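Comments concern the structure below.
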Amino acid sequence: MTKAVWLGAVLGAGLALPVAAQESIDQVCEDVPAAYVGRCIAAVQAADAAHPQLGMLITGGNPGLGLAAGSAGPEGAPRLRATGRFNLVRLALPGITSERNTGEAPPPLTEETNVVGVSLGADLAFGLTPGIEVSPGTSVGVVDLLASATYLPVDLVSHELFDASSTRVAWGAGVRVGVLRETPRVPGVSLSVMYRSMGEVQFGNACEGTESPDQSPFAPPRTSLCNVDGDVAQARVGLTGWSTRATVSRKVLGVGLTLGAGYDRYADDFQVGVLGARGTPANRARVYRSPPAELESDRLSGFLGASYVLPRGTVVAEVGWMQGGERVTGFPAESDFDPAAGTVFASFGGRWTM
């Protein structure tokens, strides 16, 4: 079953997934000297892989952990549910944070960098309408307004991978429709869509010292000189887009189970930088920076959640998987990093009703 057919069946979109902006990506390394094109391509591959992984890190699976079919009370009274959560995502990227920078021709970047990304978040679901009762205890069309805020502690996750200038806060807003409220006889079904936004996040830092413009008449555009080398390459990406979720929930032996599928699409600018070897008269290294280019990503995901009601709230856990992407043109097939490999994610939290 193709991605488009599966997405149409699960989320009702019925549309083929959009094609990534590969043409824009292919132009990024045009001004980089041939000796460092391999580093540049690895940085582009890192940006392309990091984009959806960051999206999942701030989003997670269910936009309201343990919620599936609406928050409005059975009598129609508005209800506010707050959830505190932390998300975990396996972040896998090409090894652009290597600091090996000799005067010899740079070898291909074949290593893989792996860290566990962590984010802290708060979700709010406000029951707007109780829906329409089609039979005793069964309602359709329950509507919730959704809001979220997420904090990404980049220094705690990995100060060697994330640059300190990275944005740490993301936000989201959207709506969830309870297609069918759960009863003892039928499961709960819901659809949700949220707009997500986060500033720029940078992986690696090609220059950890002072930079100055490169005045050489033969220097490519956007080239600077660096007095203290950093990583061999860096990638800086922004994140804005939409996340859609479809969930089915059912309580079994006192445990609420939620099965969900998701589709995330993000688009924003990205930029890469590449560190060249020392060799200028002042023995400073050149740093080659690309112009901003458009980066698009879209991914399907699936997740399973479990919740348990306690006297003062509900505890929830969730685990899921997000599909991988494609190999950027020119990225070596022998690399330890496989762009097509999927990403595992998980969420844990607690929910309170007000």
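Small disclaimer: the values here were computed from a predicted structure and weren't measured.
Looking at N114 and E112, their side chains do bring a donor and an acceptor atom within 3.5 Å of each other. Between the side chains of S165 and D163, at least one donor N or O sits under 3.5 Å from an acceptor N or O. Counting only N and O atoms by type, the side chains of R245 and S301 include no donor and acceptor under 3.5 Å apart. Residues S190 and R176 have side chains that never bring a donor and an acceptor to within less than 3.5 angstrom of each other. Between the side chains of T244 and R265, no donor-acceptor pair of N or O atoms lies under 3.5 Å. For N62 and T247, the side-chain atoms include no donor-acceptor pair closer than 3.5 Å.
Side-chain contact check for S192 versus L146: some heavy-atom pair is nearer than 4.5 Å. Side-chain atoms of L54 and F203, non-hydrogen and from C-beta on, do get closer than 4.5 Å to each other. Between I41 and C29, some side-chain heavy-atom pair lies under the 4.5 Å cut-off. Side-chain contact between M194 and S148: present, with at least one pair of heavy atoms (C-beta onward) separated by less than 4.5 Å. For the pair R196/P63, a side-chain contact is recorded, criterion being any heavy-atom separation below 4.5 Å from C-beta on. Counting only heavy atoms from C-beta outward, the side chains of P94 and F331 approach each other to under 4.5 Å. Considering only heavy atoms from C-beta on, L180 comes within 4.5 Å of V186 through its side chain. In this structure, the side chains of E318 and R85 come closer than 4.5 Å at one or more pairs of heavy atoms.
Using a 30° and 60° split on the angle between ring planes, Y266 and H51 fall in the perpendicular class, above 60°.
Here the closest heavy-atom approach between residue L152 and residue T167 is recorded as CD2-O, 4.4 Å. When every heavy atom of A92 is checked against every heavy atom of A49, the shortest pair comes out as O-CB, 4.3 Å.
One N or O on the side chain of Q45 and one on the backbone of V328 form a donor-acceptor pair closer than 3.5 Å. For S290 (side chain) and V272 (main-chain N/O), a donor-acceptor pair under 3.5 Å exists by modelled atom type. With hydrogens and angles ignored, the 3.5 Å screen pairs no side-chain donor or acceptor of R351 with any backbone N or O of S307. Judged by distance alone, with hydrogens and angles left aside, the side-chain atoms of Y288 form no donor-acceptor pair with the main-chain N or O of V37 at under 3.5 Å. Within the 3.5 Å criterion, the main-chain N or O of T210 finds a donor-acceptor partner in the side chain of N227.
Summarising the geometry, atom OG belonging to S119 is positioned 14.0 Å from atom CZ belonging to R168; distances are rounded to the nearest 0.5 Å. Rounding to the nearest 0.5 angstrom, the gap separating the OG atom in S243 from the CG atom in D264 is 5.5 Å. Summarising the geometry, atom CG belonging to N87 is positioned 7.5 Å from atom CG belonging to L65; distances are rounded to the nearest 0.5 Å. Distance check, rounded to the nearest 0.5 Å: CG of D231 to CD of Q202 gives 9.0 Å. Between the OG1 atom of T97 and the CD atom of E111 there is a distance of 9.0 Å, given to the nearest 0.5 Å. To the nearest 0.5 Å, atom CG of residue L295 and atom CD of residue Q271 are 12.5 Å apart.
Judged as a side-chain contact (heavy atoms from CB on, under 4.5 Å), and not counting sequence neighbours, the contacts of E200 are R236.
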May I have the step-by-step check of side-chain contact (heavy atoms from CB on, under 4.5 Å) for L91 and F162, ending in yes or no?
CA-CA 11 Å; L91 300 175; F162 290 98; 3.8 Å; yes

Apply side-chain contact (heavy atoms from CB on, under 4.5 Å) to the pair L161 and T113, showing each step before the final yes or no.
CA-CA 8 Å; L161 179 61; T113 296; 4.2 Å; yes

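The environment of CD in E208 is crowded: more than 12 heavy-atom neighbours from other residues, nucleotides or ligands sit within 6.0 Å.
Taking 4.0 Å as the cut-off between side-chain N and carboxylate O, E211 and R289 count as a salt-bridged pair.
In the hydrophobic clustering of this structure, L257 does not group with V309; members are Ile, Leu, Val, Met, Phe, Trp, Tyr whose side-chain heavy atoms approach within less than 4.5 Å, directly or through other members.
Of the residues D31, I96, V32, the one that meets the side-chain contact (heavy atoms from CB on, under 4.5 Å) test with C40 is V32. Results of the side-chain contact (heavy atoms from CB on, under 4.5 Å) test with V118 over V154, V89, L88, L57 single out L88 as the only residue that passes.
Ring centroids of Y195 and W171 are separated by less than 6.0 Å, placing the two rings close together.
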